[in-house]
Amino acid sequence: MNKNCKKYYRDIKSVIPSGGQQERRLIKDYKIRITELNEMKPDITYDELQQNFGTPIDIVTEYYEGADTGYIMQKIHITRIMRFCIYFILIFTLAGFTISASINIRLYQEIHQGIVTHEKTIIK
């Protein structure tokens with residue numbers, strides 16, 4: 001594939017929001033179609049690709065207009081759950097690091113105060 005075909009393919013991949021089985025199949029189908037078109041016309045431009053297939057946004061819009069509503073709702077639900085889990089893990093990790101840092105600071109202060117640096121000796 002030439003550079004324009006690769007850029008067009010990357011743009012399609014980046015616009016599709018979820019990575020389900022149907023979406024992977026759509027991306028794979030477009031890769032095959034782009035490769036075939038590139039073999040027929042090796043010096044194809046990005047604009048010609050958009051004229052043949054449509055813009056990446058149009059491709060995704062057309063796909064989701066024809067997709068099953070239940071499937072889309074399931075993907076949105078899974079994405080929401082995954083996002084919640086990631087936020088949950090990040091918050092608890094941050095809390096753990098904060099608690100660990102505060103404990104280490106307190107221990108450092110206790111050790112620093114416990115070290116004898118000056119000693120008074122009174123001779124009578």
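Model, not experiment: these values are computed from the prediction.
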Other than I122, which residues form its hydrophobic cluster under the rule that side-chain heavy atoms must be closer than 4.5 Å?
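Traced through the cluster, I122 reaches no other member.
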Testing the basics here: between Q22 and Y63, what is the closest heavy-atom pair and its distance to 0.1 Å?
CB-OH, 3.1 Å
Return the minimal non-hydrogen interatomic distance between A67 and I72, and the atom names on each side.
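It is CB-CD1, 3.8 Å.
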Is there a path of hydrophobic side-chain contacts, each under 4.5 Å between heavy atoms of I/L/V/M/F/W/Y residues, joining Y64 to L26?
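L26 and Y64: one cluster.
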Reported [atom1]-to-[atom2] distance for the pair [X] and [Y], which is rounded to 0.5 angstrom:
X	Y	atom1	atom2	value
Y71	K75	OH	NZ	4.0 Å
M73	I78	CE	CD1	12.0 Å
T45	Q51	OG1	CD	7.0 Å

Is a donor on one side and an acceptor on the other found under 3.5 Å between the side chain of S100 and the backbone of G96?
no
Does anything in residues 19-28 pair up under salt bridge (Lys or Arg N to Asp or Glu O under 4.0 Å), and if so which pairs, sequence neighbours excluded?
none
Side-chain donor-acceptor pairs under 3.5 Å in residues 87-95, sequence neighbours left out?
from	atom 1	to	atom 2	distance (Å)
T93	OG1	I89	O	2.7

For R106, enumerate each residue passing the side-chain contact (heavy atoms from CB on, under 4.5 Å) test, keeping only those at least two apart in sequence or located in another chain.
E110
Between S102 and I105, is there a side-chain heavy-atom distance shorter than 4.5 Å?
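I105 does not reach S102 side chain to side chain.
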Under 3.5 Å, side-chain donor or acceptor atoms of residues 32-44 against the rest of the protein: list the pairs with distances, not counting sequence neighbours.
from	atom 1	to	atom 2	distance (Å)
T35	OG1	K31	O	2.7
K41	NZ	E48	OE1	3.1
K41	NZ	E48	OE2	2.8

Donor-acceptor pairs under 3.5 Å, side chain of residues 8-17 to any protein atom, not counting sequence neighbours: which ones?
from	atom 1	to	atom 2	distance (Å)
Y8	OH	G54	O	2.3
R10	NE	K6	O	3.4
D11	OD2	K7	NZ	3.3
D11	OD2	Y46	OH	2.4
S14	OG	R10	O	3.3
S14	OG	D11	O	2.9

Going through the checks in order, is the side-chain hydrogen bond (donor to acceptor under 3.5 Å, both in side chains) test met by T55 and D58?
CA-CA 5 Å; T55 65; D58 292 340; 2.9 Å; yes
